[in-house]
Chemist: 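Below is one structure. I have some questions about it.
Numbers restart at 1 for each chain; the letters A, B, ... are given by sequence-line order, proteins then strands.
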There are 2 protein chains.
Amino acid sequence: MSLDTKEAILRASEKLFSQQGFKETSLRSITAEAGVNLAAVNYHFGSKDALIDALLAHRLRPMNRDRLQRLEALRAAHPDGAIPLDKLIRAFVAPALDLSRNTQQGGAVFVRLLGRTYIEPSAKIQDALRELYDPVIQRFRPAFAAALPELPEGELYWRLHFVVGLLAYLMSGSDMMRLIASSRLNEARDSEQLIERLIAFASAGMLAPLGAAPTSEEHTE
Amino acid sequence: MSLDTKEAILRASEKLFSQQGFKETSLRSITAEAGVNLAAVNYHFGSKDALIDALLAHRLRPMNRDRLQRLEALRAAHPDGAIPLDKLIRAFVAPALDLSRNTQQGGAVFVRLLGRTYIEPSAKIQDALRELYDPVIQRFRPAFAAALPELPEGELYWRLHFVVGLLAYLMSGSDMMRLIASSRLNEARDSEQLIERLIAFASAGMLAPLGAAPTSEEHTE
DNA sequence: GTCTATAGTCAGATAGAC
DNA sequence: GTCTATCTGACTATAGAC
């Protein structure tokens, strides 16, 4: 029936994990959604945890490869070492959000899953993530430092943090969006515009003046 | 023994929920931590879900009251209607992060819990949140619109979104932080400085130029 | 490789003694 | 109000027939 049992499980689990979370999604619901037998997950992957690991690696590795390729391309295009900030941010952010346009690869489903992993407290998932992310951070950080030479190291750390947080929140997405949704708003969730908005916001934030916050002594009152 | 069974349950559940998540925390672990009987939760709160609701309301109501009070104070201090952007952001952001300094009230424990609720997909939690947040958003939005008169409505929506995301991510906190933590970094997680950094970043982001992202045709390659 | 059947665990909730 | 004891249900995982 289905192309492949293993593939069907990956597809179904991606969908359900992203909708409900890891702990909340049972192997029963996954195998039902995939149209395969309950025992198939343990046969093909060994355990639920191993399934999660496989799923993350399956998607994150190509995404991070994309990020590093874009960074290399930028390096080549700017041999003087001065890569414009917005291009750097785009290289980091676009591969993640681009997945939502690639419907063939699971599309928006995986983007939500990815956002979810950023937040998940499970130690196992955190470990898997760290291993997948560390090389990327290690390469992007000096590029950002070069693009923002006047920013102290501590500040750079936090501002990178803010960008990652922004990305994670957007990808885990639309739950919180509904909270604010008293506004009708054209459903402009097309990722094309979203990426541009995110880059504009993040670039401005990264470039924020340093001792700037006017502190406004007390909040009146 | 303990002050009050009900209070002990609230305290313990706040701690465990924030550390492990809602689904991952069992009533058994809560009652063990609180030093009370397993049946006490159901006796005092009725169910696990009702406990979560009570916990959220217990903390969010005062926080949102604080937000609205600060907004009113700003309105009074700026009768012309032009509240500076950074003060607006502070009024929205500080009551959340301030809780981490108020150790008497549960301190950082609740901040993480709060960050977690922003992300939790459970429909019940989302509903409880919407009810608590709606009045706040409804009041802050026009103030932001007045502070950024040139920003189209759609843009304002997204940028507010980004600020909320930033806040949520920071509060759900430090899990992702460890991912990037190849940097040693002075453990400057003192919320005082964090608030200032967040306000600076968010203010700059809200003020980002409009059609600005230079689009950089393709990413080279 | 795929299935059924089931073992073993742990969850939330409740009845009823104190 | 608090406790013990227990019910009921859901889960992961596995053994073993096909």
Chemist: In terms of the nearest nucleotide of DNA chain C, which residue is placed more toward the 5' end: Y43(B) or N37(A)?
Modeler: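 By nearest-heavy-atom nucleotide position, the 5'-most residue is N37(A).
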
Chemist: Taking E33(B) first and then R11(B), would you say they form a salt bridge - that is, a charged N and a carboxylate O separated by under 4.0 Å?
Modeler: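 Salt bridge between E33(B) and R11(B), a charged N being under 4.0 Å from a carboxylate O: no.
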
Chemist: When the distance from CD1 of I9(A) to C1' of dC3(C) is rounded to whole Å, what number comes out?
Modeler: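 In whole Å, dC3(C) C1' and I9(A) CD1 are 13 Å from each other.
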
Chemist: Going by salt bridge (charged side-chain N to carboxylate O under 4.0 Å, His left out), name the residues that satisfy it together with R65(A), two or more places apart in sequence or in a different chain.
Modeler: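 Listed in chain order: nothing, the list is empty.
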
Chemist: Where does the angle between the aromatic ring planes of W158(B) and F162(B) fall among parallel (under 30°), tilted (30 to 60°) and perpendicular (over 60°)?
Modeler: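 Ring orientation, 0 to 90° scale: tilted.
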
Chemist: Rounding to an integer number of Å, can you tell me how far H44(B) NE2 sits from dT14(C) P?
Modeler: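 Answer to the nearest Å: 15 Å.
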
Chemist: Between T5(B) and dT2(D), does any side-chain N or O lie under 4.0 Å from OP1 or OP2?
Modeler: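 For dT2(D), OP1 or OP2 has a side-chain N or O of T5(B) closer than 4.0 Å.
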
Chemist: Would you call the rings of F17(B) and F22(B) parallel, tilted or perpendicular, taking 30° and 60° as the class edges?
Modeler: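 F17(B) vs F22(B) ring planes: tilted.
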
Chemist: May I ask you to establish whether K6(A) and F45(A) are in a cation-pi arrangement, using a distance under 6.0 Å from NZ or CZ to the six-membered ring centre and at most 45° from the ring axis?
Modeler: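 Relative to the ring axis of F45(A), which defines the angle, K6(A) lies inside both limits.
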
Chemist: Does E196(B) pair with R90(B) as a salt bridge, N-O distance under 4.0 Å?
Modeler: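 Yes, this pair counts.
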
Chemist: Identify the pairs formed between an N or O of the protein and an N or O of nucleotides 9-13 of chain C at a distance under 3.5 Å, and give each distance.
Modeler:
residue: dG12(C); atom: OP1; partner: L27(B); partner atom: N; Å: 3.4
residue: dG12(C); atom: OP1; partner: K48(B); partner atom: NZ; Å: 2.9
residue: dG12(C); atom: OP2; partner: L27(B); partner atom: N; Å: 2.8
residue: dG12(C); atom: N7; partner: R28(B); partner atom: NH1; Å: 2.7
residue: dG12(C); atom: O6; partner: R28(B); partner atom: NH2; Å: 2.9
residue: dA13(C); atom: OP2; partner: N42(B); partner atom: OD1; Å: 3.3
residue: dA13(C); atom: OP2; partner: K48(B); partner atom: N; Å: 3.0

Chemist: Looking across every strand, which nucleic acid part, if any, lies under 4.0 Å from A39(B) by heavy atom: base, sugar-phosphate, or nothing?
Modeler: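 Base: the residue A39(B), judged by heavy atoms under 4.0 Å, touches a nucleobase.
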
